[in-house]
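These notes are about the structure you will find just below.
Model, not experiment: these values are computed from the prediction.
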Amino acid sequence: MRFSEYLVPTLREVPAEAEIVSHQLLLRAGFIRKAASGVYTYLPLAFRVLARIKAIVREEMDRAGGQEIGLPIIQPAELWLESGRWNVYGPELFRLKDRHGRDFCLGPTHEEIITELVKGDLRSYKQLPLLIYQIQNKYRDERRPRFGLMRGREFIMKDLYSFDRDEAGLDASYRKMYDAYTRIFERCGLEFRPVEADSGPIGGSVSHEFMVLADSGEGTVVYCPDAGCGYAANIEKAIGRPALSGADEELAPREEVVTPGLKTVDQVTAFLGVGAERLVKTLLYEAPDGVVAALVRGDREVNEIKLQNLIGVDQLEMADAEIVRRVTRAPVGFTGPVGLDVETIVADEEVMVMVNCITGANKADTHYRNVNPGRDFKPDLTADIRVVDDGQVCARCGAVLQSRRGIEVGQVFKLGIKYSKSLHLTYLDEQGEERLVVMGCYGIGVSRTMAAAVEQNYDADGIIWPVSIAPVKVVVVPVNMKEQTQVELAERVYRDLWAAGIDAMLDDRAERPGVKFKDADLVGYPVRVTVGKKAVDGEVEVLRRRTREMQVVPVVGPEWGTPYPSARTFLTASTSSFTGTTCISRVRRRSTSTSPSTAFLPTVTRTG
RNA sequence: CGGGAUGUAGCGCAGCUUGGUCAGCGCGCCUGCUUUGGGAGCAGGAAGCCGGGAGUUCGAAUCUCCCCAUCCCGACCA
């Protein structure tokens, strides 16, 4: 591929709409262009990166026994009405009508249609297990698309569904996928961490997310620094060891304290001269069947996901000031559990051991002192409903937990029989008895993975692609296009690289070298071969993008007669001897007699 | 969906307060010459229904109203 013929519209300035690094760099380096909010065109370089990621995903899915299929993106409403999600999914579902007025949607996920498929053709235990996957565009009309490819309305996703006879089978499938995901993200050259995750509205029992660690991530990973322990979880799911000892005091009689205008935990505790851990924070939530009060220690936050799961609702919103006033007959800031009349009172387990604590008195400008759980109020439920963050202690080993931001690039779920039961997906076992299929589902955000790779691999000059997913491995830069020697040697190196199975870009533009160097850094080719003044001696420079490590390499003999014996070997070695070695060594070899014109180039370079 | 902001040439922006030499700047793009190891210089050139509509006015990029789009901050998800 020749730069002069290739569509790589690099930009010198950062487009104003791009906030995060991956978005900025993918735009600037000529990988993507926006078509609409949350909808992007993939230019040739991006397309190649995506192809590489998909190739890795396919290899690992196939290795684990997966079978790729194609599913419709346009799906009939009937399927979604049947599963009930046509109404539940809400405005995130892209809906459309055909010319006859029939309803359709653009698939945001494919449970319905794949279950339908399997239901139609699954009869016997002999057909199980079954692992089916697809890699396609998905559509979600996000409330707020943002961060470029991170949260688009159209995105590429791999979905695999597993169908097993029983729990043991599901365990095996889940394990296979977990391992496959680990291999995939390792091969993509990403620093990631599998973490325990909440299974959310998709349901099911066990779930892990694969988080690429990056400060721009929207998620938070809580992890135990003790390598032997290894606990790691999404903050939504993470548990810490509860502080289960209160103050060592006699129970004192409850009394009112006047706290004029003091609404926040900080204000109240400062006024009373006690620590936040002596206060019980009472938050009111509006749930479908009534108001729920959540009680946590003053220095904790309520984990709404845990709360939702506990009380079994999928919608929970903080009560507004009006509801607070109606329920407590007091303004926001003075709510407390004593005498509180709500549908459900849920207390965090830490609250129950507190002694002589402070709470709101459900009366303006008033708090209670010396409130004691059990004596002064009785929650309907006691559970872990707090957010675990830095500084809390690992429930398993007692080390102090830490947290980092992460980008969720994959998630695996054990669904169990949740869907097969409601959709009556069954098979006949050896005894001829009808049994429910046990399912799992496993997703990877392919386009998001590309963005995540950039978030983790860049510097002030541009992208630094991991070799395994780089759109092009090597860029060959003749410094001066008017120097025939340089041009010819560059052509030769370029041809040799292709002959050796290494895809290369020849920057044959009549630009000044600085421009080409800047673009090379921006685009992020792992290796740059510079053909400059030393070309007359048959020498070129090989520069590694990541380390800026440079080596002068003799490529041809003094007379330019025969290729220098070690040239190809060296170039091959020097491009494969650092991160992500899996890819280069797997690239298919090509015949050396083929001309490296663009016509011969594969549209997609398959690995493996 | 709430809150905040922004729409002027391909990209980045100024101009709007105070309507009228106000269609501008930088980069990019095209032509020519020079230059060629980190985003060159000179000369010439193309390019904008000033987001859209309706108003106010002798006159609107500028003032008013409505709409649309985009981006950023909060509850969902890959």
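For a distance-only test at 3.5 Å, the side chain of A:Asp521 qualifies as a donor-acceptor partner of the base of B:G38. In this model, a side-chain donor or acceptor of A:Glu541 finds a partner on the base of B:G37 within 3.5 Å. For A:Arg143 against B:A75, a side-chain N or O and a base N or O form a donor-acceptor pair under 3.5 Å. The base of B:G39 is paired with the side chain of A:Arg28 by a donor and an acceptor separated by under 3.5 Å. With hydrogens and angles left out, the side chain of A:Glu511 and the base of B:G39 share no donor-acceptor pair within 3.5 Å. Under 3.5 Å, the side chain of A:Asn480 and the base of B:G37 form no donor-acceptor pair of N or O atoms. Scanning atom types as modelled, one donor and one acceptor separated by under 3.5 angstrom connect the side chain of A:Arg528 and the base of B:G38.
Nucleotide B:U18: unpaired (no Watson-Crick or G-U wobble partner with both distances less than 3.5 Å).
At the heavy-atom level, A:Lys533 lies under 4.0 Å from base atoms of the strands shown.
By the 30° and 60° cut-offs, the orientation of the rings of A:Phe185 relative to A:Phe210 is tilted.
Closest approach to the A:Arg140 side chain among B:C71, B:A78, B:C11 is made by B:A78 (side chain taken as heavy atoms from C-beta onward). Closest to the A:Phe413 side chain, of the nucleotides B:G39, B:A78, B:C72, is B:A78. The A:Pro15 side chain lies nearest to B:C11 when the options are B:A78, B:G39, B:C11. In the set B:C72, B:C71, B:U36, the nucleotide with an atom closest to the side chain of A:Phe147 is B:C72. Taking every side-chain heavy atom of A:Tyr40 into account, B:C71 is the closest of B:C71, B:G28, B:G37. Among the nucleotides B:G38, B:C71, B:G74, the one closest to the side chain of A:Lys34 is B:C71. Nearest nucleotide to the A:Glu13 side chain, out of B:U70, B:G12, B:A78: B:G12. Across B:C71, B:G39, B:U36, the shortest atom-to-atom separation from the side chain of A:Val515 is found for B:G39. For A:Met157, taking side-chain heavy atoms from C-beta onward, the closest of the listed nucleotides B:G39, B:A78, B:C73 is B:A78. Each of B:C72, B:A78, B:U36 was ranked by its minimum atom distance to the side chain of A:Gln411; first place goes to B:A78.
When rounded to the nearest whole Å, the span between CD of A:Gln308 and C1' of B:C76 equals 10 Å. A straight line from CE of A:Met177 to P of B:A78 spans 17 Å, rounded to a whole angstrom. The interatomic distance linking A:Asp141 (CG) with B:C76 (P) rounds to 18 Å, in whole Å. Following rounding to the nearest Å, A:Asn234 (CG) and B:C76 (C1') show an atom-to-atom distance of 13 Å. Between A:Arg151 atom CZ and B:C72 atom P the separation is 12 Å, expressed in whole Å.
Dashed line: the shortest gap from a side-chain N or O of A:Arg12 to OP1 or OP2 of B:G28 is under 4.0 Å. Put simply, A:Arg512 has a side-chain N or O that comes within less than 4.0 Å of OP1 or OP2 on B:A40. For A:Ser37 and B:C71, the shortest distance from a side-chain N or O to OP1 or OP2 is below 4.0 Å. Note on A:Arg144: every side-chain N or O is 4.0 Å or more away from OP1 and OP2 of B:C1.
More than 12 heavy atoms of other residues, nucleotides or ligands shown are found within 6.0 angstrom of CD on A:Glu541. Around atom CD1 of A:Ile74, no more than 12 heavy atoms belonging to other residues, nucleotides or ligands sit under 6.0 Å away.
Between A:Phe31 and A:Trp465, the ring centre distance stays below 6.0 Å.
An aromatic stacking contact links A:Phe155 with the base of B:A78, defined here by ring centres under 5.5 Å apart and ring planes under 30° from parallel.
When the P atom is compared between B:G24 and B:C16, the two are found 15 Å apart, to the nearest whole Å.
Relative to the ring axis of A:Tyr174, A:Lys414 places its NZ or CZ within 45° and under 6.0 Å from the centre. The cationic group of A:Arg528 lies under 6.0 Å from the six-membered ring centre of A:Phe517 and within 45° of the ring axis, placing it in a cation-pi geometry.
In this structure, the side chain of A:Lys306 engages the main chain of A:Ala238 through a donor-acceptor pair within 3.5 Å.
Taking the nucleotide of RNA chain B with the nearest heavy atom to each of A:Glu218 and A:Gly514, the more 5' of the two is matched to A:Gly514.
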